[in-house]
Participant: 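Pasting a structure below so you can have a look.
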Amino acid sequence: MVKPYLLSLLPLGFISLQVSGKPLNVLFIFTDDHAYQAISAYGSNRNKTPNIDRLAEEGMLFNRAFVTNSICAPSRAVILTGKHSHLNGQLTNGQEFDGSQPTFPKLLQNHGYETAIFGKWHLKSKPTGFDFWQVLLGQGPYYNPPMKTAKGVKKITGYTTDIITDITLDWLKKKRDPEKPFFLMSQHKAPHRNWQPSPKYLSKYDNKDIPEPKTLRDSYKNRLGPASTQSMTIDRHLSAHDLKLTPPHNLNKIQKAAWDAAYGPKNQLFKKANLQGDELLKWKYQRYVKDYLRCVDSVDENIGRLLDYLEESGLAENTVVIYSSDQGWYLGEHGWYDKRWMYEESFRTPLIVRWPGVTPPASQNSQLVQNLDYAQTFLDICGASSPQDMQGASLVPILKGKKPKDWRKSLYYHYYEYPGAHDVRRHYGVRTDRYKLIHFYNIGGWELYDLEKDPYELNSLYGKPGHEKLTTDLKKELASLRRQYQVPEDTRPVTRTKNTPKPKN
Ligand code: CA
């Protein structure tokens, strides 16, 4: 039954009703840099995330969810607009988001929804399309964050992941309009660099070694070259700021004293206070990943708080809960931290959707989906239509357990931020079910991977005999995607430095 207050909204479209007859709400929980490798529902061998797993047990987990441009602000802009970076204008982190353009929150407001965003925004311009917002300034700190509203900036004391959840719960309990359905975005800074845990998790993992990924000691052979000229290795680029401790390597007197204060002379680690080579890499990996996982522990705990409240309040039955991150992340794979590449770990991102009565419980989906699809999916869930110029596709049929026959067979990716942090060269490419072709157009070379035979992407087949037809087909597919998405040719000059690898093909 449509409630009387909804009748006035009907000319704008029908708000979706749950089986119970109540309008559907959406809670979008979003993190920054959360690797699917650090979620137990995705098979993590490093940690457990019981609350994210709860969502997966009751909903649908996408094991082939990708981004279009693996970096923070551009990913957020793609989600808001449903358009690739070259159309929404947010190519890199350095730009300011044009908040005057159409976005899904604005369309939902017009559709009768109350919209709110709390936590990390990271788009420089003021949030638009939200009835309520309270956001971190830029990246925001892990502790005592200043937070901005339309009225100004206020510092809040505590741990940021807990605070963002507190604000989200406070709005749900006291501030929202109970007569309207809501679209609520609860967005964390965690587990973004430099991975500062909550005090309650500081000693978790102290007595265990976190498994290393198979490619931690990647030599970057058999590839074009950009993989070897980045600056994001755990071995060489992770700083004392990242590690929150000077690495135990060639310590001077003062550093040795700090090491002593941190671990004490009786600690086994202290005895190895002058680590070299692989021993030093192992130490840095453990130090880095443990702090990262501790930040994830707070995220998971706080997701549990939100899920519990939805149950207690009776909202759970008519609230779709979605968990995702702005992109994937390297937990030591290829020797790296950070993101940016079209290689799987940063190209992919977690996506789990719990839609009571609709998503088959504990279901997994392997269709090629992208953050480009989120805006249209959100609009579709809420019963609003999508503008023609949005470039993704609604995931609603998939969420209902269907297998659309005309679903996309390939994905387009494009990374722009070079010159920029971590020295990852600009590239675009295509990924199909089995293959990936990457064009490092900034350098003028290509890589080709067979993901079935080479899942870790260690051997580029580009230019090797026997792959001519495959290469031609993939180049055609790539050109077709670039036409479909209206990607302009990049006219910026090729940038070369002394570290720029020489083109091989
Ligand atoms: Ca990010």
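Whatever order the structure lists ligands and atoms in, that order sets their numbers, starting from 1. Only heavy atoms go into these numbers, but all of them, side chains included; no hydrogens, no water, no symmetry mates. We count residues from 1, following the sequence as given.
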Participant: Got a sec, which residues hit side chain to side chain contact (heavy atoms under 4.5 Å, CB included) with Y485, two or more places apart in sequence or on another chain?
Facilitator: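 Here the qualifying residues are H84, H86, L372, Q391, R408, Y412, L481, V487.
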Participant: Is a salt bridge present between R294 and D206, judged by a nitrogen-to-oxygen distance below 4.0 Å?
Facilitator: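 Result for this pair is yes, salt bridge flagged.
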Participant: With sequence neighbours excluded, tell me which residues meet ring pair (Phe, Tyr, Trp, His ring centres under 6.0 Å) with F104.
Facilitator: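 Counting only residues at least two positions away or on another chain, F104 forms a ring pair (Phe, Tyr, Trp, His ring centres under 6.0 Å) with F183, F378.
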Participant: Can you name the ring pair (Phe, Tyr, Trp, His ring centres under 6.0 Å) partners of F97, sequence neighbours left out?
Facilitator: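 Once residues adjacent in sequence are excluded, F97 has no partner under the ring pair (Phe, Tyr, Trp, His ring centres under 6.0 Å) criterion.
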Participant: Heavy-atom count check: over 12 atoms from other residues, nucleotides or ligands less than 6.0 Å from K151 NZ?
Facilitator: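 Incorrect, the count does not exceed 12.
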Participant: What are the protein N, O or S atoms, given as residue plus atom name, that sit under 3.0 Å from the Ca ion (ligand 1)?
Facilitator: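 Listed by chain and number: D32 OD1, D33 OD1, C72 SG, D326 OD1, D326 OD2, Q327 OE1.
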Participant: Hey, which of T165, T31, T168 is the one that makes side chain to side chain donor-acceptor pair (under 3.5 Å) with S186?
Facilitator: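 Single pass found, and it is T168.
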